[in-house]
Amino acid sequence: MESAIPDHLVTTRTRHRRVPDDYAPPYPSYVARSATSVRQVVMAYLGLQHDGDDPPPGLLAPIDAALAAADGPGHHDRARGDGETVSIAYWDDPEQFDRWWDAHRDSWLGDGVRDGNGRWAEVLRPTVEEHETLFSSTGRPEGVAVLAEGLSGEVQEHGYWGGMRDRIPLSQTDAMAPVGEPVVERDGGRVRVRPQHAACLIRSGQDWTDTDGAERVMYLEEVEPVLRAGMDFLRDEGSAVGCRTNRYLTVVEDARPVDRTFGMSWWRSLDALERWSESHPTHVAIFGAAMRYLTTTGPSARLRLYHEVSVAAADEQYFEYVDCRPGTGLSGNG
Ligand code: HEM
């Protein structure tokens with residue numbers, strides 16, 4: 001059993017873990033292990049708004065070209081939902097990202113490409129102390145974990161409320177409390193947001209590709225509708241619980257949806273995300289069902305779950321929206 005916190009990020013604690021040293025989780029889970037040379041990653045969510053499910057032909061060509069260009073991301077994927085197609089790109093070298101952004105920002109957000117379709121960028125660059133990952137199975141990394149050297153062995157800090165916090169190295173010494181509020185700055189159809197300190201982003205994914213028979217029916221008929229209700233709640237009423245925006249997206253490959261989804265949401269604080277996950281009836285229900293399922297199936301579970309959670313300082317976040325619908329992301333309703 002390993003700690004989720006890699007050796008090189010272990011520091012003298014001023015804050016305790018939620019569990020005793022001899023805690024044993026009820027089922028196995030794993031975390032991404034990056035090279036020790038990696039100090040900071042960049043996660044860029046680049047959105048295009050359109051009518052219907054599919055984006056108009058050609059509108060993704062500029063971003064596809066940019067993603068394939070020099071200094072492009074080490075990994076990217078694409079997903080859609082609620083009239084948006086989102087390209088999600090990951091770098092493990094912020095300087096490389098900066099060069100890429102300087103070269104390609106205008107092809108996505110510049111005045112020259114404004115055509116009435118909303119476009120946006122939500123970018124964060126957490127240090128390795130400021131983020132964590134969790135995988136219920138090995139063999140198919142997603143998101144930032146694709147950039148890592150590999151997955152860990154079984155880790156200890158999971159299977160209990162507070163495990164997410166305990167996996168973030170910064171939690172050894174810092175409460176990660178939020179400071180301030182985001183400030184929306186509007187210039188016609190262009191909106192920038194001045195970030196708050198310690199905003200929290202979660203990407204929480206589900207992959208039911210490998211399920212069949214009763215397991216697939218169970219996921220699609222019993223779990224997914226509850227997940228969707230939770231995602232709708234966060235999208236429509238999340239502000240009451242500290243969720244600033246939520247998207248429930250389906251991964252697309254070769255422009256077709258596949259059996260993988262994820263929720264992606266920005267929170268006022270890690271604390272607010274913890275409170276929602278441990279108290280909202282939708283997540284409590286799917287958490288309990290998944291705990292029972294994973295405890296029974298162990299490593300042979302065919303439903304795969306993963307997430308990545310970051311808590312970033314104000315200067316590690318960037319939000320820009322161009323001609324977007326009211327209420328997009330953190331852009332406000334005005
Ligand atoms: C943790 C189930 C979707 C937020 C967990 C855990 C399970 C679970 C079993 C515990 C993991 C561990 O520590 O071993 C599920 C299932 C989902 C789902 C079955 C969908 C089918 C989501 C979504 C979000 C979310 C979409 C947020 C937008 C969280 C958070 C934790 C968590 C924040 C960490 C709680 C903590 O450690 O304090 N979930 N989840 N989950 N989930 Fe989910």
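Not measured: the values here are computed from a predicted model. Counting starts at 1 for both ligands and their atoms, in listed order. We use all heavy atoms of the structure for the numbers below, so side chains are in, but hydrogens, waters and symmetry mates are not. Numbering of residues begins at 1 and proceeds along the displayed sequence.
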Closest heavy-atom approach to atom 36 (C) of ligand 1 among S277, A272, G162 is made by G162
Atom 17 (C) of ligand 1: closest protein heavy atom, distance to 0.1 Å, is I286 CD1, 3.6 Å
Original post:
Taking N or O atoms only and a 3.5 Å limit, does H158 qualify as a polar contact for ligand 1?
Top reply: yes
State, yes or no, whether a side-chain contact exists between D207 and Y306 at a heavy-atom distance under 4.5 Å.
no
Heavy-atom proximity to atom 3 (C) of ligand 1, picking from P25, P26, S265, S204, points to S204
Report task. Examine R244 relative to W266 and say whether NZ or CZ is less than 6.0 Å from the centre of the six-membered ring and inside a 45° cone about the ring axis. Result -> no
Margin query: For Y27 and H158, I'd like to know if the aromatic rings sit close, meaning centre-to-centre distance below 6.0 Å.
Written below: yes
Checklist line | Within-cut-off N or O pair, G159 and ligand 1, under 3.5 Å | finding: yes
Looking only at non-hydrogen atoms, the one of N246, L273, V226 nearest atom 33 (C) of ligand 1 is L273
For atom 19 (C) of ligand 1, the closest protein heavy atom turns out to be A290 CB, 3.5 Å
Inset, instruction - Identify whether NZ of Lys or CZ of Arg in R125 sits under 6.0 Å from the centre of the six-membered ring of W101 and within 45° of that ring's axis. - result: no
- Is V226 linked to M218 within one hydrophobic cluster, defined over Ile, Leu, Val, Met, Phe, Trp and Tyr using a side-chain heavy-atom separation of less than 4.5 Å? yes
### Message
Could you check whether any heavy atom of M231 sits closer than 4.0 Å to an atom of ligand 1, since that is the contact criterion I want to use?
### Response
yes
| said: Test your reading of the structure: does M164 have an N or O sitting under 3.5 Å from an N or O of ligand 1? | reply: yes
Checking R186, R105, R194 against E320 for salt bridge (charged side-chain N to carboxylate O under 4.0 Å, His left out), the one that qualifies is R105
TODO: For the residue pair V309 and L270, establish whether any side-chain heavy-atom pair is separated by less than 4.5 Å.
DONE: yes
H307 near atom 43 (Fe) of ligand 1 via N/O/S, less than 2.8 Å
no
Check: For ligand 1, is there an N or O atom under 3.5 Å from any N or O atom of G163?
Finding: yes
CD of Q49 to CG of D51, rounded to nearest 0.5 Å, is 10.0 Å
Contact between ligand 1 and Y160 is defined here as a heavy atom of the residue under 4.0 Å from a ligand atom; is it met? yes
The atoms of ligand 1 lying under 4.0 Å from a heavy atom of I202, numbered in the order shown, are 4 (C), 27 (C), 28 (C), 33 (C)
So, is Y27 polar-close to ligand 1, with some N/O to N/O distance under 3.5 Å?
yes
Result for salt bridge (charged side-chain N to carboxylate O under 4.0 Å, His left out) between E157 and one of R18, R17, R167 points to R17
- Message: Measuring only between side-chain heavy atoms, which start at C-beta, is R203 closer than 4.5 Å to I88?
- Response: yes
Candidates F287, Y219, Y306; heavy atom nearest atom 1 (C) of ligand 1 found on F287
For H283, the N, O or S atom at the shortest distance from atom 43 (Fe) of ligand 1 is NE2
**Q.** Check: Y248 and T261 side chains under 4.5 Å, non-hydrogen atoms
**A.** yes
Fill in: ligand 1 to V223 polar contact by distance, N or O atoms, under 3.5 Å
no
